[in-house]
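Working notes for the structure below.
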Amino acid sequence: MAAGSRAWMLFAALAAAAAAADLVSKSVAFARLGMPGSGRAAVIVPRILVLETNLNEGALFGVGQGFGLGFAAVSVAAILGIGVLMTYPSTHRDAWMVAGLGLIVGGILGNLYDRLGLPGLAWEAPPDRAGDRVFAVRDWIHVQVPGVIDWPIFNLADSWLVIGAGLLLALTLRTAATERATDGPEA
């Protein structure tokens, strides 16, 4: 099998697995914990890890509330851009880059599904929105360290995005270090 075919298979498998894990985990969390404000939560590690539902109409850390369709458009553009990047033979030669891009696309797909209102959820509150269709990302993981950090509630798609971006950053740093080492000291 050619390197390009293997790269595309790895990319597609990671993207599909990441998106599926995200969507299944969101469905289970919302089925068990209910909509935000229901008062149900699952304490995993007291005062550190709590599973509770939240709906985010914005982006990272809730920035840009109400611009969900704009974020959906950016998501589609990012997927298309990554698709173009995946056509380069240099990308195919680096399994770590392919893995990072696959995780990023999987995370994008998981959150895009929610932004498009595909879960079929309806707002329960506030009263003026009750019954309206939800076009927001479903979050359910809440990490806190008392007195240090109260991280915004997130989901597995967010985790895949961060891990994928971290892989790409590590690859960039590795490449820069390798180039400096091979250039040697200037005379």
Side-chain angles (χ1 to χ4, degrees), residues 1-33 49 51 53-65 67-121 133-143 151-176:
M1 182 182 300
S5 297
R6 283 192 304 272
W8 277 105
M9 286 178 53
L10 174 62
F11 171 78
L14 280 172
D22 174 64
L23 294 173
V24 167
S25 67
K26 289 174 183 175
S27 293
V28 169
F30 273 70
R32 294 204 175 161
L33 302 173
L49 178 60
L51 306 182
T53 59
N54 187 49
L55 294 167
N56 182 0
E57 294 179 277
L60 186 65
F61 304 117
V63 173
Q65 292 295 315
F67 292 102
L69 287 179
F71 293 125
V74 169
S75 296
V76 170
I79 291 170
L80 293 173
I82 290 171
V84 168
L85 186 58
M86 279 297 300
T87 66
Y88 297 146
S90 59
T91 302
H92 300 167
R93 289 190 292 271
D94 193 331
W96 288 108
M97 179 179 283
V98 171
L101 294 172
L103 289 173
I104 289 170
V105 167
I108 291 171
L109 289 172
N111 283 341
L112 180 60
Y113 181 88
D114 289 351
R115 286 189 198 289
L116 296 176
L118 297 175
L121 299 177
R133 190 167 179 182
V134 172
F135 294 92
V137 173
R138 296 172 290 168
D139 292 324
W140 59 275
I141 305 167
H142 192 181
V143 175
W151 199 257
I153 301 173
F154 63 99
N155 58 43
L156 290 183
D158 300 332
S159 299
W160 306 141
L161 288 164
V162 170
I163 293 167
L167 274 173
L168 296 183
L169 177 62
L171 290 171
T172 301
L173 296 174
R174 178 190 74 183
T175 301

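In terms of heavy-atom proximity, V98 sits nearest to A7 at CG1-O, 3.2 Å. Residues A99 and L14 share a closest heavy-atom pair of CA-CD1, 3.4 Å. Closest non-hydrogen pair, A157 versus G107, comes out as CB-O, 3.3 Å. Nearest heavy-atom pair across E57 and A136 is CG-CB, 3.6 Å. Nearest heavy atoms, A72 versus R115: N-CD, 3.9 Å. Minimum heavy-atom separation, L10 to A95: CD2-O, 3.8 Å.
Two residues are said to be in side-chain contact when any heavy atoms from C-beta on lie closer than 4.5 Å; T87 and W8 meet this criterion. Annotation: side chain of V76 is not in contact with side chain of I108 (no heavy-atom distance under 4.5 Å). Considering only heavy atoms from C-beta on, V162 stays 4.5 Å or farther from F154 through its side chain. F30 is listed as a side-chain neighbour of L121, based on a closest heavy-atom distance under 4.5 Å. Taking 4.5 Å as the limit, every side-chain heavy atom of T53 sits out of range of all side-chain heavy atoms of R32.
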Q: Show the numbers, then the answer: is there a side chain to side chain contact (heavy atoms under 4.5 Å, CB included) between V105 and F11?
A: CA-CA 9 Å; V105 167; F11 171 78; 3.7 Å; yes

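Residue W160 holds its CH2 atom at 14.0 Å from CG of L109, rounded to the nearest 0.5 Å. Atoms CG and CG, on L161 and D22 in that order, are 9.0 Å from each other to the nearest 0.5 Å. From L55, atom CG reaches atom CH2 of W140 across 14.5 Å, with rounding to the nearest 0.5 Å. The OH atom of Y113 lies 15.5 Å from the OG atom of S75; values are rounded to the nearest 0.5 Å. In this structure, the separation between CG on L167 and CH2 on W96 is 6.5 Å, given to the nearest 0.5 Å. With values rounded to the nearest 0.5 angstrom, M97 atom CE is found 7.0 Å from S90 atom OG.
Side-chain contact check for N155 and N111: at least one donor-acceptor pair (N or O, by modelled atom type) lies under 3.5 Å.
Put simply, the side chain of T91 gets close to the backbone of L85: a donor and an acceptor are under 3.5 Å apart. Looking at K26, its side chain does come within 3.5 Å of a backbone N or O of G110 through a donor-acceptor pair. H142 contributes no side-chain N or O that, together with a main-chain N or O of L49, makes up a donor-acceptor pair within less than 3.5 Å. Panel note: side chain D114, backbone V137; no donor-acceptor pair is recorded below 3.5 Å.
Enclosure of atom CG in L69 is not indicated, since only 12 or fewer non-hydrogen atoms of other residues, nucleotides or ligands lie within 6.0 angstrom. Other residues, nucleotides and ligands contribute over 12 non-hydrogen atoms within 6.0 Å of the CZ atom of R133.
The pair D94-R174 meets the salt-bridge criterion, with a side-chain N (NZ, NE, NH1 or NH2) lying under 4.0 Å from an Asp/Glu carboxylate O.
Exactly one of D158, L156, I153 qualifies for a side chain to side chain contact (heavy atoms under 4.5 Å, CB included) with I141. That residue is L156.
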